[in-house]
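Comments concern the structure below.
When a ligand or atom number is given, it counts from 1 through the structure's own listing order. Sequence positions, counted from 1, serve as the residue numbers for this chain. These numbers were taken from a predicted model, which means no experiment stands behind them.
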Amino acid sequence: MTPIKRIGILTGGGDAPGLNAVIRAVVKSAWNSGIGCVGLEDSYDGLLEFDRSRILAPRDVTGILRLGGTILGTINRGNPFESMIATSDGQKVYAERVIDMFNKMGLDALVAIGGDGTLAIGHEFWLRGIPLVGVPKTIDNDIVGTTNCFGFDTAVAFATDAIDRLHTTAEAHHRIMVVEVMGRNAGWIALYAGVAGGADAILIPEIPFDIEIVAERLRARDKWGAKFSIVVVAEGAFPKDGKTTLLEAAGIGRVERLGGIGAQTCEALATLTGKETRSVVLGHLQRGGAPTSFDRALATRFGGKAVELIRQGQFGTMVAFAPPDIIARPLADVVGKTKTVPMDSDLLLTARALGVTFGD
Ligand code: F6P
């Protein structure tokens, strides 16, 4: 095996709290093993031109552990493989340019930190000869093969805090408050924040809901004296006879933008219960701010493990959390799949046992 002297590191897809913690861990542990790091700007775009990257030494990552966002920048776009790109050397096929520049920059390996899209692209590059290790990131927690992605715990903590705040105003005004949370086509954030925040109804994409069942549950609360209710709705949730609500349809190189189900649910519940209802969309607030201590520790462990895998030559893999361990999984087993909430999830069943309705 050729000794690893210099590695590239990039962050892709939507940001998530903990990205900087991974970068810091990779740079510091690589440095301490005699490996240099090059930070690539804006995901794989950092491999298009020489001036889209910079050397990262420990002093460049000092103090970033607790910062949200990513010091490298990120982009959220579809698979670039077949697309053409304008470069300083003329029009090129994106993937060919990236591979060419990877070699010209004297990189020996790549750490790609990202969600399903970034990891799928990384897997393609690995198949085309780039020694690559992936690090799973997403607040949605929907990547298969890892119990947790960093960012998820922070998003849940934020959403829980928001639900706590909504509880007091809901109770004061005897209202129904509907909270729309992120998660794309997985209900993890809604389920965890809903249970942690004591929601009365949790609507997730895995369980198409009947709004009449939800309304009946809230009317029952009114009857026994709880004059307010909290409903948590995942952005990807949809009614039994309906479909996912979109803010924007998918376009070329762009995924669809989900949203709007919170407002719809709010309106329907107002009609069906006759109560005052209000809705709140937590949106990108869930992706901002400092990572929780859990996410900082997980991100740091992921970064350290990524460097270990590179030193061992275990490429085409993704670091993963299999409690209590951090392990390696083949990217081939992970990409193109979505980890959704299983119907026998302990948390789901516990919530049901407590009387939380999922609208089914
Ligand atoms: O995947 C993370 C996520 O925050 C989803 O929960 C959400 O649907 C999406 O990204 C929003 O993407 P954008 O930042 O492009 O609006």
Side-chain angles (χ1 to χ4, degrees), residues 11-20 22 42-45 68-70 72-80 112-122 134-144 146 148-160 162 179-194 202-206 232-238 243-265 279-289 291-292 295 298-299 318 334-341:
T11 53
D15 68 330
L19 281 169
N20 283 324
V22 182
D42 297 335
S43 192
Y44 296 96
D45 279 10
T70 160
L72 295 176
T74 184
I75 50 161
N76 217 354
R77 80 162 171 238
N79 196 325
I113 313 167
D116 46 355
T118 307
L119 295 174
I121 296 167
V135 178
K137 160 252 51 160
T138 167
I139 63 163
D140 305 338
N141 208 35
D142 61 353
I143 296 179
V144 301
T146 183
N148 277 73
C149 292
F150 65 86
F152 172 62
D153 186 63
T154 308
V156 168
F158 175 81
T160 304
V179 195
E180 181 182 306
V181 298
M182 282 185 165
R184 292 204 69 79
N185 302 112
W188 295 107
I189 298 178
L191 178 62
Y192 272 77
I202 302 174
L203 308 179
I204 58 176
E206 293 83 349
V232 175
V233 191
E235 62 181 1
F238 55 94
K243 49 184 189 213
T244 314
T245 317
L246 298 184
L247 293 176
E248 197 183 326
I252 298 165
R254 231 189 32 244
V255 295
E256 59 193 13
R257 290 178 58 217
L258 278 61
I261 189 66
Q264 260 185 32
T265 307
S279 70
V280 178
V281 180
L282 298 187
H284 291 80
L285 290 167
Q286 293 159 98
R287 294 219 311 241
T292 58
D295 278 340
L298 183 64
M318 175 190 90
V334 167
V335 298
K337 299 174 187 162
T338 304
K339 184 182 74 179
T340 51
V341 176

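- Here Glu206 contributes atom CD and Leu191 contributes atom CG; the two are 8.5 Å apart, rounded to the nearest 0.5 Å.
- Proximity of Leu258 to ligand 1 is not established, as no heavy-atom distance is less than 4.0 Å.
- Here the protein heavy atom with the shortest distance to atom 13 (P) of ligand 1 is His284 NE2, 3.5 Å.
- Looking only at protein heavy atoms, the nearest one to atom 12 (O) of ligand 1 is Arg287 NH1, 3.6 Å.
- Contact annotation for Asn76 and ligand 1: only side-chain heavy atoms (C-beta onward) come within less than 4.0 Å of the ligand.
- Checked by atom type and distance alone, the side chain of Gln286 never pairs as donor or acceptor with a backbone atom of Ala159 at under 3.5 Å.
- No donor-acceptor pair closer than 3.5 Å links the side chain of Asp295 to the backbone N or O of Phe150.
- At distances below 3.5 Å, at least one donor-acceptor pair connects side-chain atoms of Glu235 with backbone N or O atoms of Arg184.
- Distance from atom 2 (C) of ligand 1 to its nearest protein heavy atom, with residue and atom name: Asp140 OD2, 3.3 Å.
- Not a single donor-acceptor pair under 3.5 Å links the side chain of Lys137 to the backbone N or O of Pro17.
- By the 3.5 Å distance cut-off applied to N or O atoms, Gly183 is counted among the residues near ligand 1.
- Remark: ligand 1 atoms within the under-4.0 Å shell around heavy atoms of Glu235 are 5 (C), 6 (O), 7 (C), 8 (O).
- Under the 4.5 Å side-chain criterion, counting only non-hydrogen atoms from C-beta, Phe238 is not in contact with Thr245.
- The residue Gln286 has no part lying near ligand 1, judged by heavy-atom distances below 4.0 Å.
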